[in-house]
K.L.:
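Okay, handing you the structure first.
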Amino acid sequence: LQAVPGLQVPAGLEAESRLWRFLLDHGLVVEASWEARRLEKRYEDDPGALLGLLALAAARGAHERSVRWAYKLGQRLPDGASRDAAEVLLFPAPYSVSVAAAAARHGLSPAVVLGLMRQESAFDPRIDSGAGARGLMQIMPEVGRRLAAAAGVNPWHADVLYDPERNLELGCTLLAEELVRAGGNLAQALAAYNAGRRAVNEKGGIPDYPETREYVKKVIDSYLKNSE
């Protein structure tokens, strides 16, 4: 991609991104996320800059930005061949050791867990949803409390859900529960994870909610690509 005409990294990117890199390197993730938003706004129409930012993000494990910037880059690439080459950037596999371990403990495919995380949080461990769900696998605090109590996690505080390892463990526990309830039907389990167990039970399968059906489709698409 760096050899494609028009995708050269602008000369000023190194200096412009210095603060963001400093914040990341010193563990100031919240402050880094705000600086990343500034950089995105500054360079969102420059594919060369987006590619440069993606390289910097990958080098520092800033996967929560990678998916978003790869999507924006794909929209601005000049031809189909370049877009195909960039598609792999849309499917990073962060936390691979932790994902593999948590998935194995709960009998899940790591590719499914990665697909769910990508759709839920774009791999941002500190993200909140409008409904109040938190972290990598977007767990509601009351659900997290129930899962943590069953696992013997004590003391409990909702901020536990911002910890990637804890969030992964609880999220995998929840997905495994839904798979058992769905008799192994992955699409139905994902629908319950997204819309809630009651919605799936009342509808007798995947509820006819456009948002939920699109969610299931995207997670399974990510799962298949992560399996390749």
Side-chain angles (χ1 to χ4, degrees), residues 17 20-21 23-24 28-44 47 49-77 83 86-100 102-103 108-140 144 161-172 174-175 190 193-195 211-228:
S17 66
W20 175 57
R21 290 182 283 116
L23 294 169
L24 282 175
L28 299 168
V29 292
V30 175
E31 293 81 358
S33 69
W34 286 106
E35 182 62 13
R37 290 183 177 93
R38 184 190 70 80
L39 288 170
E40 180 180 315
K41 187 173 182 180
R42 167 84 166 78
Y43 290 113
E44 63 182 351
L50 288 171
L51 186 60
L53 288 172
L54 274 164
L56 292 171
R60 286 164 171 78
H63 305 289
E64 69 275 10
R65 289 287 125 189
S66 298
V67 173
R68 182 175 177 86
W69 288 344
Y71 176 74
K72 286 182 173 289
L73 175 63
Q75 292 180 312
R76 289 157 178 79
L77 289 174
R83 288 191 290 274
E87 185 175 8
V88 69
L89 299 174
L90 286 165
F91 298 94
Y95 307 104
S96 56
V97 173
S98 298
V99 167
L108 301 170
S109 162
V112 170
V113 177
L114 284 168
L116 188 148
M117 286 167 53
R118 179 181 184 273
Q119 189 61 30
E120 289 285 357
S121 67
F123 308 115
D124 185 344
R126 296 196 63 84
I127 196 169
D128 295 311
S129 75
R134 297 184 175 193
L136 287 175
M137 298 184 74
Q138 287 292 276
I139 301 170
M140 294 294 289
L161 297 174
Y162 293 130
D163 180 275
E165 299 287 339
R166 293 285 186 86
N167 191 287
L168 265 172
E169 180 64 28
L170 297 177
C172 286
L174 179 58
L175 181 58
L190 291 171
Y193 194 103
N194 174 256
E211 179 183 340
T212 298
R213 299 183 80 85
E214 183 67 13
Y215 170 90
V216 171
K217 176 179 176 292
K218 287 182 176 179
V219 173
I220 290 178
D221 180 57
S222 293
Y223 157 54
L224 294 174
K225 286 183 169 65
N226 281 315
S227 300
E228 291 174 356

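The structure displayed is predicted, hence computed values, not measured ones. Start at 1 with the first residue, then count along the sequence.
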K.L.:
Report yes if some heavy atom in the side chain of I139 is under 4.5 Å from a heavy atom in the side chain of Y193; otherwise report no.
P.N.:
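Touching, per the 4.5 Å side-chain cut-off.
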K.L.:
Quick check: do S222 and L116 have side-chain heavy atoms less than 4.5 Å from each other?
P.N.:
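No. Closest side-chain heavy atoms not under 4.5 Å.
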K.L.:
What distance do L89 atom CG and L51 atom CG have between them, rounded to the nearest 0.5 Å?
P.N.:
7.5 Å
K.L.:
To the nearest 0.5 Å, what is the distance between CE on M137 and CZ on F123?
P.N.:
10.5 Å
K.L.:
What are the two closest heavy atoms between I127 and S121, and how far apart are they?
P.N.:
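Taking I127 first and S121 second, the nearest heavy atoms are CG2-CB, 3.6 Å.
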K.L.:
Check Q138 against S129 and note the closest heavy-atom contact, atom names and distance.
P.N.:
OE1-CB, 3.1 Å
K.L.:
Rounded to the nearest 0.5 Å, what's the gap from CE on M117 to CG on L175? Could you check?
P.N.:
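So the CE of M117 and the CG of L175 are separated by 12.0 Å.
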K.L.:
Can you name the residues that form a side chain to side chain contact (heavy atoms under 4.5 Å, CB included) with P164, not counting sequence neighbours?
P.N.:
Y95, P125, L136
K.L.:
Under the rule for side-chain hydrogen bond (donor to acceptor under 3.5 Å, both in side chains), what residues qualify as partners of D163, not counting sequence neighbours?
P.N.:
none
K.L.:
Considering all heavy atoms of both residues, which atom of S96 and which atom of A93 are nearest to each other, and what is their separation?
P.N.:
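Heavy-atom minimum between the residues: CB-O, 3.7 Å.
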K.L.:
Which atom pair, heavy atoms only, marks the closest approach of H63 to P92?
P.N.:
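In this case the closest contact between H63 and P92 is ND1-CB, 4.3 Å.
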K.L.:
Which residues pass the side chain to side chain contact (heavy atoms under 4.5 Å, CB included) test with P110, not counting sequence neighbours?
P.N.:
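Per chain and number, P110 pairs via side chain to side chain contact (heavy atoms under 4.5 Å, CB included) with V99, A103.
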K.L.:
Would a 4.5 Å heavy-atom cut-off, applied to side chains only, mark L53 and R65 as touching?
P.N.:
no
K.L.:
Determine whether the side chains of Y215 and E120 contain a donor N or O and an acceptor N or O closer than 3.5 Å.
P.N.:
yes
K.L.:
Can you list everything that forms a side chain to side chain contact (heavy atoms under 4.5 Å, CB included) with V30? Sequence neighbours excluded, please.
P.N.:
W34, R126
K.L.:
Determine whether more than 12 heavy atoms belonging to other residues, nucleotides or ligands lie under 6.0 Å from atom CZ of R134.
P.N.:
yes
K.L.:
Taking all non-hydrogen atoms of both residues into account, name the closest pair between L168 and S98 and its distance.
P.N.:
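Taking L168 first and S98 second, the nearest heavy atoms are CD1-CB, 3.7 Å.
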K.L.:
Would you name the heavy atoms of A36 and W69 that are closest together and state the gap between them?
P.N.:
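Taking A36 first and W69 second, the nearest heavy atoms are O-CZ2, 3.8 Å.
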K.L.:
By salt bridge (Lys or Arg N to Asp or Glu O under 4.0 Å), which residues pair with E214, not counting sequence neighbours?
P.N.:
K218
K.L.:
Just how far is it from atom CZ of R76 to atom CD of E44, taken to the nearest 0.5 Å?
P.N.:
6.0 Å
K.L.:
Taking side-chain hydrogen bond (donor to acceptor under 3.5 Å, both in side chains) as the definition, give me every residue that meets it alongside R68, ordered by chain and number, with sequence neighbours left out.
P.N.:
E40
K.L.:
Restricting to side-chain hydrogen bond (donor to acceptor under 3.5 Å, both in side chains), what partner residues turn up for S66, sequence neighbours left out?
P.N.:
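Applying side-chain hydrogen bond (donor to acceptor under 3.5 Å, both in side chains) to S66 gives none.
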K.L.:
Please round to the nearest 0.5 Å and tell me the distance separating atom CG of D128 and atom OH of Y162.
P.N.:
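Going from the CG atom of D128 to the OH atom of Y162 covers 3.0 Å.
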K.L.:
Using the salt bridge (Lys or Arg N to Asp or Glu O under 4.0 Å) criterion, which residues pair with K217? Sequence neighbours excluded.
P.N.:
none
K.L.:
Whether the side chain of R21 engages the backbone of R60 through a donor-acceptor N/O pair (distance < 3.5 Å, no angle test) should be reported.
P.N.:
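Checked: no pair found.
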K.L.:
What pairs with A102 under side chain to side chain contact (heavy atoms under 4.5 Å, CB included), at least two apart in sequence or on another chain?
P.N.:
R105, E169, C172
K.L.:
Would you please name every residue forming a side-chain hydrogen bond (donor to acceptor under 3.5 Å, both in side chains) with E35, sequence neighbours left out?
P.N.:
R38
K.L.:
Keeping N167 on the side-chain end and L161 on the backbone end, is there a donor-acceptor pair under 3.5 Å?
P.N.:
yes
